[in-house]
S.K.: 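Below is the structure I would like to discuss, written out as structure tokens.
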Amino acid sequence: MKPFDFISAQKKWKKQWEKEKIFEVKSSSFSSNRSKNKYVLDMFPYPSGEGLHVGHVEGYTVSDIVSRFYRMRGFNVLHPMGWDAFGLPAENYAIKNKIHPEIVVKKNVANFKRQLKNLGFSYDWSREINTTDPNYYKWTQWIFLQLFKDGLAYEKEVSVNWCPSCKTVLSDEEAEGGVCARCSTKVERKELKQWMLKITAYADKLIDGLDSLNWPQRVKTMQKNWIGRSQGARIQFSIASQIDTDFNADKSGNNRGNQSANQRESEFVEVFTTRPDTIFGATYLVVAPEHKIISNLKSSIENFNEVKKYVEKSKNKSDQERISEVKDKTGVELKGIKAINPATGKEVSVWVADYVLPYYGTGAIMAVPAHDQRDWDFAKKFNLPIIFVISYDGKNVIDNKVYEEDGILISSGKFNGQKNREAISAITDFVGGKKEIQFKLRDWIFSRQRYWGEPIPLVFCQHCAGKINNKNEKIKNFSKGEILNPGWIPIKESDLPLKLPKVKSYQPTGSLSSPLAGIKNWVNTTCPRCGGPAKRETNTMPQWAGSCWYYLRYIDPKNNKKIIDIKKEKSFMPVDLYIGGVEHAVLHLLYARFWHRFLFDKKIIKDPEPFARLVNQGLILGTDGEKMSKSRGNVANPDDIIKEFGADTLRMYEMFMGPLEDPKPWNTKGILGILRFLNRVWFLYQKHFNSKTAKPHSQKTESDFENKFNQSLKKITEDIENLRFNTAISALMILLKELESLDYFSKEYAQKFILMLSPFAPFISESIWRDVLKNKKSTLLSKWPEYNLKKSFAQTIKIAIQFNGKTRGVMDFLPGTQKEEILKIVKADNKFENYFKGNEIKRVVFVPDRIINILF
RNA sequence: GGGGAUAUGGCGAAAUUGGUAGACGCGUACGCUUCAGGAGCGUAUGGGGCAACCCUUGAGAGUUCGAAUCUCUCUAUCCCCACCA
């Protein structure tokens with residue numbers, strides 16, 4: 001007999017399935033009850049030139065098995081696919097080869113699609129989307145406009161990575177290690193006006209929303225840490241300057257910003273702390289190099305030149321350099337000025353140091369060296385005073401190292417003797433502090449100085465800017481966004497999409513703007529408000545934008561009136577199962593949740609969270625146990641494996657490798673096990689059901705077999721529900737052995753077994769199902785077999801016989817056999833004679849259907 | 001520095017969630033079959049011992065009739081965040 005011909009089966013069924021359109025979800029599903037529907041989603045790929053990776057295959061096989069399983073159980077399953085095709089690689093390729101990114105993307109998409117179809121994935125291709133399609137990014141731009149109108153988009157000076165040799169802005173990934181990824185030149189920092197999205201406005205909702213989600217704990221924790229909510233207080237330290245008359249805070253801009261010109265208050269520094277309880281031990285202040293106090297008190301700072309030098313140096317430091325200094329902190333004292341500790345009333349020195357971050361809290365801290373490691377290090381280095389205010393027993397301190405634990409307050413005036421945590425609130429009030437919650441999360445930098453992205457649909461109009469800035473003008477016709485960003489006017493929604501213009505060169509312009517800035521007739525336009533001359537925004541959106549909402553568009557991909565019909569959205573959202581790599585634990589999954597929450601608040605959609613259940617597949621490593629990479633030469637290519645062993649074999653092997661979420665090394669030999677298994681299935685059906693080779697048989701199926709079959713069916717059903725595919729496959733293998741040992745193989749069980757195999761190995765299953773067993777419709781349109789619970793138990797049960805806790809034998813019993821009866825049989829068995837000799841039974845531990853443990 | 005995860009044969013891994021440790025697969029050995037090929041089938045396969053038995057789930061302790069599983073103390077590896085006040 002010839003082994004199964006995978007290649008021609010793949011060809012045949014691929015075509016047939018397409019013709020029968022069996023992967024398309026019924027349109028009536030979109031008006032049906034949510035409980036009848038399932039939404040199984042993959043993280044859509046970036047269509048790179050390399051094609052599909054075995055890691056993609058892992059995730060996509062999981063979602064395909066689950067989709068097929070649910071379909072066979074009678075659900076309407078939405079299982080779509082699309083392309084996240086904006087972004088750097090295509091642009092870089094375009095620069096190098098002078099080919100339009102659109103052409104490159106088209107080619108890569110075609111290749112990916114070919115590969116996905118070869119694997120038999122049951123995607124509904126009629127809902128395919130592409131983030132670079134103007135009909136799609138029209139709505140990405142539309143969402144941006146809603147965010148803008150609501151005041152959630154604003155412009156801000158941000159420092160960016162700049163490569164002086166390539167003359168271009170670099171992303172953080174391109175600037176890793178402080179050098180340009182392309183030319184290894186040292187990366188510089190440059191200040192640039194960028195669009196920001198106010199994701200911080202959603203910080204609370206994004207943390208609180210996590211509770212309701214069935215996500216891996218580690219991803220939830222990562223998001224929580226990333227958002228970084230912490231309870232603390234703002235406390236003011238007033239500044240005493242020796243040259244008080246030189247103050248001119250208002251002229252140079254006050255750091256509180258809104259004081260009137262005449263009313264001069266003395267300068268102060270506001271700090272943020274989570275530990276107001278330690279304030280009596282605050283022996284100095286540290287401000288970030290960017291802190292306004294430095295320029296405000298310029299003339300009071302005696303060593304201003306030295307300070308200025310330090311500030312300049314810090315600004316040019318890469319993140320890498322800053323991190324390498326964690327152990328050895330740098331800083332300069334602001335000589336000539338002192339701050340007053342509001343708790344003790346004593347003068348403390350003020351320092352500038354770049355270990356204080358400008359964007360967190362107030363950009364200034366009170367340093368309590370006795371109880372904070374960083375402050376301790378800094379104080380030791382610069383010989384600053386250290387005062388212990390928490391003691392483990394209220395009396396003594398160990399003064400040769402930092403004490404970070406809780407305890408009893410000392411040297412803290414009227415708070416002495418209290419537990420430090422319990423005194424936080426009272427001490428905050430005592431020093432006039434304001435309780436506040438701070439987040440680590442920073443607003444989302446949304447501009448990219450690139451060509452290959454969604455154009456930002458705004459124009460700048462000088463005339464409108466003047467109107468908004470003129471206080472006498474009535475500005476109530478303007479949106480929040482327009483008032484927040486004077487001069488920036490959104491283009492009309494009816495003019496969307498704002499298409500990317502063709503450009504001659506994708507080469508960076510060398511200035512800080514995108515290649516779009518060079519297209520004069522595109523940049524120059526008219527203002528949608530006043531009709532006057534205006535200029536378009538030339539930056540584009542980041543790659544994350546398109547992936548923030550693509551899962552919504554699959555539900556209603558052709559709607560050109562609305563982003564999505566809420567009625568349709570209701571019948572499929574939230575996503576039942578979302579599968580992808582952990583690498584998106586924070587960025588993509590947080591940005592998507594942010595946009596989703598916003599759309600929810602705007603009542604465009606009905607559910608506040610997009611992904612009810614998230615699963616991360618584990619990384620597939622090379623045969624050497626290392627991460628697969630070209631340079632290591634340990635990359636397994638799906639195309640090669642499909643050619644040699646077949647798509648079913650690849651799918652099943654990847655599922656058999658180990659638990660879904662664990663990292664797993666590739667083993668080329670291991671594939672053979674699956675190949676053998678599938679061929680044995682093929683031979684079994686040839687033997688029994690091929691009209692030329694099959695022999696007639698007449699026996700009835702034994703009831704013992706029925707029980708074994710039902711047991712396997714139950715296990716496989718439950719394993720698929722719990723995404724435990726490795727053990728499901730092992731159960732299929734055991735079952736196959738059972739089937740091979742049968743003389744008579746009834747058609748009923750032959751059918752059931754193939755249906756059970758079909759989600760894993762759709763091609764061979766379809767061949768057997770339709771060509772050998774002569775069924776008309778696909779396995780996918782057939783019902784998943786139901787197990788008979790009564791028959792899913794073994795007829796006899798093995799019970800372990802233990803003496804003094806050690807297993808000495810195993811015996812078969814009927815399920816539910818009583819303790820006394822088992823004991824009688826064990827005693828009568830001469831195998832165990834020796835154990836009873838000369839011993840008196842003290843106790844018998846019995847677990848029904850499991851063990852009997854006889855103790856002497 | 002903080003957070004999270006993992007650790008079981010030569011290898012990938014199972015273990016009904018406290019009840020026969022090593023299912024299933026790979027590899028290996030021996031045998032069978034064939035016009036010999038990296039094919040197919042069968043048997044064996046954690047370690048030690050002739051044996052009855054003993055040892056064995058990263059190391060060490062504890063709880064229990066019974067621990068891979070629970071508790072404590074270590075060790076190693078991996079991932080994420082990283083001067084967040």
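Chain letters run A, B, ... following the sequence lines, proteins first and then strands; every chain starts at 1.
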S.K.: Hey, does A/R229 reach any base, or is it just sugar-phosphate, or nothing, if we go heavy atoms under 4.0 Å?
M.R.: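 The answer is nothing, as A/R229 stays clear of every strand by at least 4.0 Å.
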
S.K.: Write out the stems for RNA chain B, ordered by first number and formatted as range with range, counting runs of at least 3 consecutive Watson-Crick or G-U wobble pairs under 3.5 Å.
M.R.: B:1-7 with B:75-81, B:10-12 with B:24-26, B:27-32 with B:40-45, B:46-48 with B:53-55, B:58-62 with B:70-74

S.K.: Among the nucleotides B/C83, B/G25, B/A85, which one has an atom lying closest to any side-chain atom of A/F656?
M.R.: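 Of B/C83, B/G25, B/A85, B/G25 is nearest to the side chain of A/F656.
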
S.K.: Check the distance between B/C24's P and A/I716's CD1 and give it to me in whole angstrom.
M.R.: 14 Å

S.K.: Which part of the nucleic acid, if any, lies within contact of A/K842, taking any heavy atom under 4.0 Å across all strands shown: a base, the sugar-phosphate backbone alone, or nothing?
M.R.: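 Here A/K842 touches no strand at all.
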
S.K.: Would you call the rings of A/F856 and A/F836 parallel, tilted or perpendicular, where under 30° means parallel and over 60° means perpendicular?
M.R.: perpendicular

S.K.: Heavy atoms, side chains only, cut-off 4.5 Å: are A/F683 and A/F4 in contact?
M.R.: no

S.K.: It should be established whether A/Y653 places a side-chain nitrogen or oxygen under 4.0 Å from OP1 or OP2 of nucleotide B/C24.
M.R.: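 So the side-chain polar atoms of A/Y653 never come under 4.0 Å of the phosphate oxygens OP1 or OP2 of B/C24.
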
S.K.: Of the listed nucleotides (B/A85, B/C54, B/A13), which one gets closest to any side-chain atom of A/P659?
M.R.: B/A13

S.K.: Cationic tip of A/R442 within the cone over A/Y359's six-membered ring, i.e. under 6.0 Å and within 45° of the normal?
M.R.: yes

S.K.: Nearest-Å distance, CD (A/Q802) to C1' (B/A21)?
M.R.: 13 Å

S.K.: Rounded to the nearest Å, what distance is computed from the NZ atom of residue A/K440 to the P atom of nucleotide B/C80?
M.R.: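 It is 16 Å, rounded to the nearest whole Å.
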
S.K.: Would you call the rings of A/Y284 and A/F378 parallel, tilted or perpendicular, where under 30° means parallel and over 60° means perpendicular?
M.R.: parallel

S.K.: A/R724 has an atom CZ; how far is it from atom P of B/U16, in whole Å?
M.R.: 9 Å

S.K.: When you measure from the side chain of A/K798, which nucleotide among B/C65, B/A85, B/U20 comes out closest?
M.R.: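 The answer is B/U20, which lies nearest to the side chain.
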
S.K.: Take the protein atom NE2 of A/H371 and the nucleotide atom C1' of B/G1, then report the distance between them rounded to whole Å.
M.R.: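 Taking atom C1' of B/G1 as the reference, NE2 of A/H371 is at 19 Å.
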
S.K.: Whole-Å distance between B/C65 P and A/I851 CD1?
M.R.: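 Going from A/I851 (CD1) to B/C65 (P), I get 12 Å.
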
S.K.: Looking at the side chain of A/R808, which of B/C81, B/A23, B/C53 is the nearest nucleotide?
M.R.: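 Per side-chain heavy atoms of A/R808, the pick is B/C53.
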
S.K.: Evaluate side-chain hydrogen bond (donor to acceptor under 3.5 Å, both in side chains) for A/S425 paired with A/K435, printing each intermediate quantity in order.
M.R.: CA-CA 8 Å; A/S425 187; A/K435 280 181 201 138; 2.9 Å; yes

S.K.: Mind checking the NZ-OH spacing from A/K313 to A/Y310? Nearest 0.5 Å is all I need.
M.R.: 8.0 Å

S.K.: Are the charged groups of A/E833 and A/K827 less than 4.0 angstrom apart, N to O?
M.R.: no

S.K.: Of the nucleotides B/C65, B/A85, B/G12, which one has an atom closest to the side chain of A/P665?
M.R.: B/G12

S.K.: Taking the minimum atom-to-atom distance to the side chain of A/A800, which one of B/U20, B/C65, B/A14 wins?
M.R.: B/U20

S.K.: Please report the distance separating the C1' of B/G10 from the corresponding atom of B/U56, rounded so that it comes out in whole Å.
M.R.: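 Taking atom C1' in both B/G10 and B/U56, they lie 16 Å apart.
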
S.K.: Taking donor-acceptor contacts at under 3.5 Å, does the side chain of A/R850 reach the base of B/U20?
M.R.: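 No such pair is found, so the answer is no.
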
S.K.: Can you tell me the distance, in whole Å, between the CG atom of A/N726 and the C1' atom of B/G12?
M.R.: 10 Å

S.K.: Taking only the side-chain heavy atoms of A/T807 (C-beta and beyond), determine which of B/A14, B/U20, B/A85 contains the nearest atom.
M.R.: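 Output: B/U20.
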
S.K.: More than 12 foreign heavy atoms under 6.0 Å from NZ of A/K381: is that the case here?
M.R.: yes

S.K.: Looking at B/A5, I'd like to know if its phosphate oxygens (OP1 or OP2) sit under 4.0 Å from a side-chain N or O belonging to A/R218.
M.R.: no

S.K.: Whole-Å distance between B/C65 P and A/L823 CG?
M.R.: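 Value for this atom pair: 19 Å.
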
S.K.: Please write out the pairs of protein N or O atoms and N or O atoms of nucleotides 28-39 of chain B separated by less than 3.5 Å, giving the distance to one decimal.
M.R.:
none

S.K.: Indicate whether any N or O donor in one side chain lies under 3.5 Å from an N or O acceptor in the other, for A/K434 and A/T428.
M.R.: no

S.K.: When you check the gap from the basic side-chain N to the acidic O, do A/K664 and A/E58 get nearer than 4.0 Å?
M.R.: yes

S.K.: Nearest to the side chain of A/M733, heavy atoms from C-beta on, is which of B/A85, B/C24, B/A14?
M.R.: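 The answer is B/C24, which lies nearest to the side chain.
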
S.K.: Do the side chains of A/D406 and A/R421 get close enough for a salt bridge, i.e. N-O under 4.0 angstrom?
M.R.: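 Yes.
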
